[in-house]
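Have a look at the structure below before the remarks.
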Number of protein chains: 2
Amino acid sequence: MAPREHPHPDLHEVELVTVLAALAEPTRLRIVRMLAAMEERERAWKDIDLPIARSTLSHHLKILRNAGLLWSRTEGTRCFVSLRDKEMEGRFPGLLECVLACQDSVDVPMAKGGVREDRAAS
Amino acid sequence: MAPREHPHPDLHEVELVTVLAALAEPTRLRIVRMLAAMEERERAWKDIDLPIARSTLSHHLKILRNAGLLWSRTEGTRCFVSLRDKEMEGRFPGLLECVLACQDSVDVPMAKGGVREDRAAS
DNA sequence: GTCGTACTTCGATATTCGTCGAACATCGAA
DNA sequence: TTCGATGTTCGACGAATATCGAAGTACGAC
């Protein structure tokens, strides 16, 4: 289907385990990190370049959306996603921040523009 | 088997996804919260009172241990577990703290002493 | 209207995970 | 040494999950 307007949960109704489960998957964590590392606050669905099928990507984005982690916006037949980091900070203070700050093996080698070199290098 | 000395991972080798996955399960999150809410820093294995089989509990404790979240110590035939919160703070600054601080539906109604009333009430 | 693009949903599959009871291993006590 | 207590491991099971390709749906362009 075309990107029909998706339901976005009220963050007050999102449970911590849901958020943790959403983040506890390498591909999804990578997506979150990529969105956080961008200069623009939005990323075009089409430009999310990962070695997975598009249907799988759609699946992961849905899980992140249901966990309150990202916002998707429709523009014609296209879709743009962005982190709900401000809201998440209100609901789970410090969580997203420390997840993003942490250094581990899940990197952000996602081409097609938007990756900040300065962050990637630190 | 009796509580043979278990392997505890070096926290530098523990990945964020491993920790998140360990925490992203209601029973395990409950165990972590219970350990954090205790006055004594240790809890006897035997006194962890949850509505699950003992083999299941053993399984969950192993996952938490492998994620670097808890430490288990053997004393004769008994076992005592405690949070590795200080070390986790060094590896993933702020993570455990904000997970414990967050308010959601996973409570800590675990009897047999050790639950702090002041925390439970806040 | 017809076609193509852009996502989403469906159905199928393989893997992982939570759970249990039973069997096992280790220690202390009798 | 025999017994009981204490955890752990094993084997099995159903449920959940990550993945894909194919089919479907909505929109813009022509």
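Note that these values count all heavy atoms, side chains included, but never hydrogens, waters or copies made by symmetry. Fair warning: this is a prediction, and the values are worked out from it, not measured in the lab. Chain identifiers are assigned alphabetically (A, B, ...) following the order of the sequence lines, protein sequences preceding nucleic acid strands; residue numbering begins at 1 within each chain.
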>> Distance check needed: D:dT25 C1' versus A:Arg78 CZ, whole Å only.
In response: 18 Å
> Can you check the A:Ile63 CD1 to D:dA18 C1' distance for me, whole Å?
Replying inline: 8 Å
>> What is the distance, to the nearest angstrom, from the NZ atom on A:Lys46 to the C1' atom on D:dG28?
In response: 14 Å
>> Under 4.0 Å, counting only non-hydrogen atoms across every strand here, what does A:Leu61 touch: a base, just sugar-phosphate, or nothing?
In response: nothing
>> Can you tell me if B:His6 touches the phosphate of D:dT8, counting only side-chain N or O atoms and a distance under 4.0 Å to OP1 or OP2?
In response: yes
>> Treating A:Glu15 as the side-chain partner and A:Thr18 as the backbone partner, does any N or O pair qualify as donor plus acceptor under 3.5 Å?
In response: no
> How long is the line joining NE2 of A:His59 and C1' of D:dA18, in whole Å?
Replying inline: 6 Å
>> Distance criterion of 3.5 Å, no angle test: do you see the side chain of B:Ser55 paired donor-to-acceptor with the base of C:dG21?
In response: yes
> Does atom CD of A:Glu87 have more than 12 heavy-atom neighbours, drawn from other residues, nucleotides or ligands, at distances under 6.0 Å?
Replying inline: yes
> In whole Å, what is the span from the CG atom of A:Asn66 to the C1' atom of D:dT17?
Replying inline: 15 Å
>> Checking the side chain of A:His12 only, and the main-chain atoms of A:Arg91 only, is there a donor and an acceptor separated by less than 3.5 Å?
In response: no
> Within the side chain of A:Arg28, is there an N or O that forms a donor-acceptor pair under 3.5 Å with the backbone of A:Ala21?
Replying inline: yes
>> What's the closest nucleotide to the side chain of B:Arg28 if the choices are D:dT8, D:dT6, C:dG18?
In response: C:dG18
>> Below the 4.0 Å mark, does C:dG21 have OP1 or OP2 next to a side-chain nitrogen or oxygen of B:Arg54?
In response: no
>> What is the separation between atom CD on B:Glu25 and atom P on C:dT16, rounded to the nearest whole Å?
In response: 18 Å
> What is the distance, rounded to the nearest whole Å, between atom CD of A:Glu75 and atom P of D:dG28?
Replying inline: 10 Å
> With sugar-phosphate meaning primed atoms plus P, OP1 and OP2, does B:Ile52 contact a base, only sugar-phosphate, or nothing at under 4.0 Å between heavy atoms?
Replying inline: sugar-phosphate
>> Categorize A:His60 for me: base, sugar-phosphate, or nothing, with a 4.0 angstrom heavy-atom threshold over every strand shown.
In response: sugar-phosphate
>> How many whole angstroms separate atom NZ of A:Lys62 from atom P of D:dT17?
In response: 12 Å
> Looking only at side-chain N and O atoms, does B:Ser58 come under 4.0 Å of OP1 or OP2 in D:dT8?
Replying inline: yes
>> Taking the side chain as everything from C-beta on, heavy atoms only, tell me whether A:Glu97 gets closer than 4.5 Å to A:Asp85.
In response: no
